[in-house]
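Data block below; observations after.
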Amino acid sequence: MTAHAKYPHVFSPLKVAGTTLKNRILMGSMHTGLEDLPDAAERLSAYFVDRARGGVGMIITGGIGPHPTAGHGAKLLNDEDAAMHRQVTDAVHAAAPDVKIVMQILHTGPLAGTPDCVAPSPVKSRIGRFAPNELTEEGIEEQIAAFANCARLARQAGYDGVEIIGSAGYLISTFLVEKTNQRSDQWGGSWESRMRFPVEVVRRVRAAVGPDFIFVFRISAMDMLQGGLAWDEVVSLAKALEAEGVDVISTHFCWHESFVPTIATMVPRAAFAQVTGRLRKELTIPLITSNRINMPDVAEEVLAQGHADLVSMARPMLADADLVNKAFEGREDEINTCIACNQACLDHTFTGKLTSCLVNARACREVDIAITPAATAKTIAVVGAGPAGLAYATIAAERGHRVTLYDAAQEIGGQFNLAKRIPGKEEFHETLRYFARMIQLRGVTLRLGTRVDVALLKQAGFDEVVVATGINPRTPAIEGIGHPKVVRYIDVIAGRAEVGQKVAIMGAGGIGFDVAELITHAGISASLDVDTFAKEWGIDFRNHPRGGVTGIEPQVASNGREVTLLQRKATPVGQGLGRTTGWTHRLTLQRRGVKMVSGVEYHSIDDQGLHCTIGGEPQLLDVDTVILCAGQESERSLYDALLAEGIKAQLIGGAFEASELDAKRAIQQATELAAAA
Ligand code: FAD
Ligand code: NAP
Ligand code: SF4
């Protein structure tokens, strides 16, 4: 079978280090937490084998430490460790002999999170737990030897190559930047001396692994850090690494401390590929680009424009292990697209939880959740086509059950139809496109515009009923809550409610923030336009100042509405948002002048506005509109009526539990139950 004609660049092979990559898409490195589990070999094998069978050309593993000080993740220090890795590489090669698996070597340096962490200078990272210990010259030699030993063991363990990460604020990159390298010996000071550590690591690694072993080096092509790398330094580093025998340069756009989002959903697709393209003109070896490339057409365009030789897709491989095969066969409408929410991947990683994926709950849980043919095909009614109902219905149907999916609305999606209207959340359309296609493919009978009641279900006589009826927005019991200036978020987002010039938003959870974004937004969504995104975050793609950032306070366009975001809790507003994305939402709204107030006690609403107490002081907020974003309560009227009739039903999603509900939990619960139905 030949590759689909839409992707000629994606499906052209590439010769690297005496071997051939069958296509131009690789799975980028992600720390999943599987590496640290007692049954790591079994779980990693299942996880990577799924992706290898899914058609990707090369897999880069999560970061593996070369030295005891490298950080809290797994390490490869000796033959015993290598034996565990051997099980993984054997499994991948047996399942897909034409797929390469490359191990990433990661030394997190000052971000190791342990008191023995090391760095060129004792400069504490803003996000590090400890000030690092300054490496002595002997210590530096020990680290270089450790990189070489780790690479040698990787070859012994059956990997096809190694990637060394020299970016993001980890050990190697801290040698490069003046802010973190304040040494005056041969390892610091001039650019040549600051560059010495990565160059020496590369020289020694190449010597340790020999030729014909894929050697990728990841550099910060734009580290988004004031005082970061200048463009001529990036170029000179890349050239020096090429001269020392690196086979492929991978461009990274990241320094974990930076205040610029680089992979969140608000980042336009492939926004950074142009930087790789500029560097590609300076080198002769292949370059990898990355960041927000989540669909095959985006990868094809990046390659066709000459921005890169290879495209790294990391999170998209969590969302859909078969992404590449689907592109190969022209079935891209079946791809479960990564929406760049970070909710189940990076947010989990940074809070010590196992990585998974919001849109694919099987990711990293391959050995726990199997989607296998059902022993007995049943007729199942699923009521509610929000994320929970959609996941349940499509998976149950995949297993052979005869499923009818109902929704009172005229379209599938439930609250995702509101989410997709928020500027910056355009990717949510993809999830709905995916489920619509799965409904067709799996033969789910879809009944839209149908409000289900007990009579309907009784008449149809299903073997099982699943109630996924979602939630109702909470209406707090406050005097004047029925005043005409009080509106619900559902009506605001759906465009059914008028919003005045001066607004109070009651409730500062994810939805309060999204509503604030929607009602203050002006112009094109930054997530759809690279120039607007660059302006909003102070990035200068054209002139590439140090770190790529201008240092000028970024400007975010606003429509001039005066908005106050309120919550009762005394904690900082927005604290409960996603670990890796919450700060971007807070900063954007602050730059639009949105006021954020915590510790509020609401009293009443009348013609004058919202009467409340803030920090013990009575206040009157003179507002035209009060938008209720005060959480949700489960919609269980159908379930309760079924129970009253003695009809058993299963509750999922928001209908099961509204508190702390999000789509991640809704889809995960639905997936687990449907896999067992
Ligand atoms: P719902 O999505 O509420 O779906 C329930 C469905 O049941 C509805 O379509 C309804 O019409 C239908 N229904 C109800 N009763 C009946 C009946 N009797 N007969 C037939 N049909 C019926 N979550 C995240 O994880 N990340 C985000 O970034 C995010 N952003 C959001 C942004 C906004 C603006 C909103 C509003 C929500 C957001 N969410 C987000 C929350 C997420 O959408 C919900 O957690 C999720 O939709 C809950 O899924 P559900 O299937 O349980 O319910
Ligand atoms: P939420 O996060 O639970 O926030 C509800 C808000 O309402 C809180 O600020 C809460 O704060 C307030 N509140 C609760 N009861 C109240 C009452 N009786 N009176 C007044 N205020 C009250 O829920 P949400 O914002 O509705 O979001 C729903 C779900 O969607 C969340 O789980 C969220 O994770 C998800 N979501 C996620 C994102 C994302 O970007 N990841 C975006 C949107 C939504 P106080 O009690 O302190 O006042
Ligand atoms: Fe992508 Fe969100 Fe899944 Fe992470 S959790 S892989 S960002 S869809």
Taking the basic N atoms (NZ, or NE/NH1/NH2) and the acidic carboxylate oxygens, is any pair closer than 4.0 Å for K485 and D624?
no
Scan side-chain atoms only and decide if R437 and Q440 contain a donor-acceptor pair under the 3.5 Å cut-off.
yes
Would you check if R365 and E672 make a side-chain contact, meaning some heavy-atom pair closer than 4.5 Å?
yes
Is it true that a side-chain atom of R51 and a backbone atom of D320 form a donor plus acceptor pair closer than 3.5 Å?
no
Testing the basics here: between A649 and L642, what is the closest heavy-atom pair and its distance to 0.1 Å?
CB-CD1, 3.9 Å
Verify whether one side chain among S558 and T520 offers a donor that lies under 3.5 Å from an acceptor in the other.
no
Quick check against the 3.5 Å criterion: does Q669 have a side-chain atom that pairs as donor or acceptor with the backbone of I652?
no
Checking R402 against D463 for the salt bridge (Lys or Arg N to Asp or Glu O under 4.0 Å) test, could you report, in this order, the C-alpha distance in whole Å, the side-chain angles of both residues, the deciding distance, and whether it holds?
CA-CA 10 Å; R402 289 189 297 282; D463 295 333; 5.6 Å; no
Is a donor from one side chain sitting under 3.5 angstrom from an acceptor on the other, for K664 and H348?
yes
For a quick check under 3.5 Å, do Y639 and Q650 share a side-chain donor-acceptor pair by atom type?
no
Any donor-acceptor N or O pair under 3.5 Å, side chains R579, T351:
no
Please determine, by modelled atom types, if S634 and E657 share a side-chain donor-acceptor pair under 3.5 angstrom.
no
Determine yes or no for a side-chain-to-main-chain donor-acceptor pair under 3.5 angstrom, with R362 supplying the side chain and E366 the backbone.
yes
Pair R592-E517, salt bridge (Lys or Arg N to Asp or Glu O under 4.0 Å): steps then yes or no:
CA-CA 9 Å; R592 288 216 190 105; E517 165 67 39; 3.2 Å; yes
Any donor-acceptor pair under 3.5 Å from R442 side chain to E398 backbone
no
Is it the case that the side chains of N342 and T580 hold a donor-acceptor pair, with the cut-off being a distance below 3.5 Å and no angle test?
yes
Report yes or no: do E332 and Y7 form a side-chain donor-acceptor pair below 3.5 Å?
yes
For the residue pair S637 and E635, confirm or rule out a side-chain donor-acceptor distance under 3.5 Å.
yes
Could you go through E645 and K458, starting from their C-alpha distance and side-chain angles, then the distance that decides it, and tell me whether this counts as salt bridge (Lys or Arg N to Asp or Glu O under 4.0 Å)?
CA-CA 10 Å; E645 295 274 334; K458 263 187 166 173; 2.7 Å; yes
Under 3.5 Å: donor-acceptor pair, side chain of T625, backbone of G500
yes
Under 3.5 Å, is there a donor-acceptor pair linking the side chains of T379 and H401?
no
Under 3.5 Å donor-acceptor, T394 side chain and M438 backbone:
no
Does the side chain of R43 pick up a donor-acceptor pair with the side chain of T32 at under 3.5 Å?
no
Working for salt bridge (Lys or Arg N to Asp or Glu O under 4.0 Å), residues E562 and K502:
CA-CA 5 Å; E562 297 163 41; K502 291 180 282 178; 5.8 Å; no
Would you mind checking if D297 and K6 are paired as a salt bridge, meaning a charged N to carboxylate O distance below 4.0 Å?
no
Please check if any side-chain donor atom of H611 sits under 3.5 Å from a side-chain acceptor atom of D606, or the reverse.
yes
First locate atom CG of L566, then atom CD1 of I614, and finally report the distance between them rounded to the nearest 0.5 Å.
6.5 Å
What is the minimum heavy-atom distance between I667 and A391, and which atoms define it?
CG2-CB, 4.1 Å
Is it true that R315 and N294 share a donor-acceptor pair across their side chains at a distance under 3.5 Å?
no
Quick check against the 3.5 Å criterion: does Q590 have a side-chain atom that pairs as donor or acceptor with the backbone of T588?
no
So that I can tick it off, tell me whether D491 and R488 are bridged by a salt bridge, with the cut-off set at under 4.0 angstrom between side-chain N and carboxylate O.
yes
Any sub-3.5 Å donor-acceptor pair from S290's side-chain atoms to S312's backbone N or O?
no
